[in-house]
Amino acid sequence: MGSTPSQKNLLRLRCSVQNYDWGLKGHDSRVARLYARNSGSETRPDCPYAELWMGTHESGPSFVVEAPRASNGVSVDVDDDVGVSLKKWISENPNVLGDKVLHNWGCDLPFLFKVLSVAKALSIQAHPNKELARALHKALPDVYKDDNHKPEMALAITEFEALCGFISLEELKGVLCNVPEIVELVGSAYANQILHINEQDGEEKVKSVLQSIFTQLMSASKEMITKALSNIKSRLQIESQARNLTDKELLVLRLEKQYPADVGVISAFFFNYVKLNPGEALYLGADEPHAYVSGECIECMATSDNVVRAGLTPKHRDVKTLCSMLTYKQGFPEILQGVPLNSYVRRYLPPFDEFEVDQCILPCGASTVFPAVSGPSIFLVMAGEGIMHAGSSKGEVVTEGDVLFAPANTEISIESESELQLYRAGVNDRLFQASL
């Protein structure tokens with residue numbers, strides 16, 4: 001094994017891939033293409049490549065590649081030269097995190113960075129808050145792998161579809177009037193509670209009634225769900241001959257083909273249907289229901305893999321926990337457009353301390369600087385080629401699929417040799433501003 005990399009240098013990382021069955025297959029998957037470049041591994045055309053993980057989580061760790069690529073362009077055979085895990089290297093060099101990060105989260109990265117390639121919908125899910133995460137991990141450690149919360153943000157690379165949070169009370173009343181199969185499933189008593197309540201009754205009352213009807217829906221028997229979906233399909237087929245179906249109705253028909261007889265298909269009527277354009281982002285706090293539907297995105301989150309699922313999945317479902325943990329907030333989620341830092345870089349700042357994401361699109365021949373920050377960063381090269389410098393050190397050639405760790409308090413400068421698209425994940429700047 002080679003010498004320990006300098007704590008002020010960029011560390012080249014070899015990353016992990018997840019082959020979940022909802023992922024895009026073979027070369028259609030950006031995750032597959034990035035992973036092949038990052039690892040030197042062959043990809044299989046019939047295999048789904050769902051997520052590329054960049055970070056320290058034990059379910060998909062990154063490893064420090066010992067020999068960096070020199071600025072003369074000589075590359076490294078990363079297959080043969082994978083060093084220690086990033087987590088272990090950080091534990092041996094904790095100062096790379098910076099004092100504030102070390103104080104707040106101990107000797108580990110507080111964020112997990114990912115790329116997702118989504119072919120079919122992920123489960124209807126939510127991520128537990130810290131208190132619930134600890135309890136779930138203690139009770140079911142094989143299902144809930146860690147004790148951390150998992151706020152997250154998805155930044156669209158392509159057009160990206162998601163279900164996220166509950167629709168407004170007025171929209172829900174419209175659903176109950178227009179989708180009779182849901183009233184039949186939950187019963188007229190639950191439906192009437194929604195139809196006869198209004199915002200003046202108070203937020204807690206509205207949330208209580210929404211929780212009741214949603215729990216009743218998610219707890220319906222398989223036979224009732226199968227019958228309701230059959231009736232919805234038949235009705236929409238007839239109605240489509242007289243009118244254009246709504247986007248939500250078309251989505252429900254798509255989901256039913258992917259997950260026949262699944263309650264998650266019907267629950268989609270309760271959620272906001274969000275369509276992100278490339279460069280737009282969506283963030284999700286703990287205990288908020290969501291399901292990514294299709295497209296490719298950058299994702300960043302607190303370092304956790306805790307998921308409570310209740311629909312659109314063959315995996316373990318915990319309907320009771322999901323229905324009891326949700327906040328039942330209503331209304332359309334905030335869409336982030338990013339804040340320009342300079343001509344080439346936009347920053348996406350969710351309301352969570354653990355992470356932020358920068359997008360950099362650098363035209364051929366241009367250069368930019370990422371000023372030194374008080375926490376660590378991970379850089380992903382999505383496309384193009386350039387030279388990256390850490391401080392005054394000799395530059396490294398970077399190209400598509402390269403992932404690099406930058407220690408705290410390290411200025412990074414980049415020059416592009418062809419149009420360069422890269423993303424940076426780091427600790428949210430608001431944490432450091434608050435301590436000034």
Pairwise distance [atom1]([X]) to [atom2]([Y]) - rounded to 0.5 angstrom:
X: L24; Y: L116; atom1: CG; atom2: CG; answer: 10.0 Å
X: C164; Y: Y273; atom1: SG; atom2: OH; answer: 13.5 Å
X: F379; Y: M54; atom1: CZ; atom2: CE; answer: 12.5 Å
X: L97; Y: L102; atom1: CG; atom2: CG; answer: 6.0 Å
X: I124; Y: Y259; atom1: CD1; atom2: OH; answer: 10.0 Å
X: S16; Y: N38; atom1: OG; atom2: CG; answer: 9.0 Å

Is there side-chain contact between [X] and [Y], with heavy atoms separated by less than 4.5 Å?
X: R30; Y: Y49; result: no
X: R254; Y: V293; result: yes
X: Y344; Y: I414; result: no
X: F111; Y: I378; result: yes

Heavy atoms of other groups near [X] [atom1], more than 12 under 6.0 Å:
X: N277; atom1: CG; result: yes
X: K329; atom1: NZ; result: no
X: E159; atom1: CD; result: no
X: K120; atom1: NZ; result: yes
X: R235; atom1: CZ; result: yes
X: K248; atom1: NZ; result: yes
X: K320; atom1: NZ; result: no

Residues pairing under salt bridge (Lys or Arg N to Asp or Glu O under 4.0 Å) where one sits in residues 374-389, two or more places apart or in two chains, turn out to be none
Residue pairs meeting ring-ring contact (aromatic ring centres under 6.0 Å, His included), one or both in residues 9-45, sequence neighbours left out, come to Y20-W22
So the ring-ring contact (aromatic ring centres under 6.0 Å, His included) pairs with at least one residue in residues 386-416 (sequence neighbours excluded) are none
### Query
Is it true that E223 and K227 make a salt bridge, defined as a side-chain N closer than 4.0 Å to a carboxylate O?
no
Under a 4.0 Å threshold between the charged nitrogen and the carboxylate oxygen, would K25 count as salt-bridged to D46? no
query = Is a side-chain donor-acceptor pair under 3.5 Å present for T368 with N342?
reply = yes
Please step through side chain to side chain contact (heavy atoms under 4.5 Å, CB included) for the pair L86 and V403, ending with a clear verdict.
CA-CA 12 Å; L86 178 60; V403 179; over 6 Å; no
Tested for salt bridge (Lys or Arg N to Asp or Glu O under 4.0 Å) against K114, the lone hit among E152, E51, E296 is E51
Would you find a donor on one side and an acceptor on the other, under 3.5 Å apart, between the side chain of [X] and the backbone of [Y]?
X: N272; Y: V274; result: no
X: E256; Y: K233; result: no
X: S123; Y: G311; result: no
X: T410; Y: A390; result: no
X: N428; Y: F352; result: yes
X: K222; Y: A261; result: yes
X: R346; Y: Q337; result: yes
X: S413; Y: V369; result: no
X: R12; Y: D402; result: no

Where do [X] and [Y] come nearest, in terms of heavy atoms and distance?
X: I225; Y: I266; value: CD1-CD1, 4.1 Å
X: N306; Y: H127; value: O-ND1, 2.8 Å
X: P48; Y: G23; value: CB-O, 3.5 Å
X: E356; Y: V427; value: CD-O, 3.5 Å
X: L11; Y: W89; value: CD1-CZ3, 3.3 Å
X: E354; Y: P151; value: OE1-CG, 4.3 Å

Check: Hey, would you say the F113 and Y423 ring centroids sit under 6.0 Å apart?
Finding: no
Checklist entry - Can the ring centres of F271 and F214 be said to be less than 6.0 Å apart? => result yes
>> For a side chain to side chain contact (heavy atoms under 4.5 Å, CB included) check, start with the C-alpha distance between V31 and Q18, then their side-chain angles and the critical distance, and finish with the verdict.
In response: CA-CA 9 Å; V31 166; Q18 306 290 359; over 6 Å; no
- Parallel under 30°, tilted from 30 to 60°, perpendicular over 60°: which one fits the rings of W53 and H57? perpendicular
| message | Walk me through whether F355 and Y348 qualify under ring pair (Phe, Tyr, Trp, His ring centres under 6.0 Å). | response | CA-CA 9 Å; F355 59 90; Y348 298 81; over 10 Å; no
Between E239 and the options Q241, Q237, R243, the side-chain hydrogen bond (donor to acceptor under 3.5 Å, both in side chains) test singles out R243
Side chain to side chain contact (heavy atoms under 4.5 Å, CB included) between M153 and E299: does it pass, once the steps are laid out?
CA-CA 6 Å; M153 178 173 67; E299 192 180 33; over 6 Å; no
Go through F166 and L172 one step at a time and tell me if the side chain to side chain contact (heavy atoms under 4.5 Å, CB included) criterion holds.
CA-CA 9 Å; F166 288 99; L172 184 54; over 6 Å; no
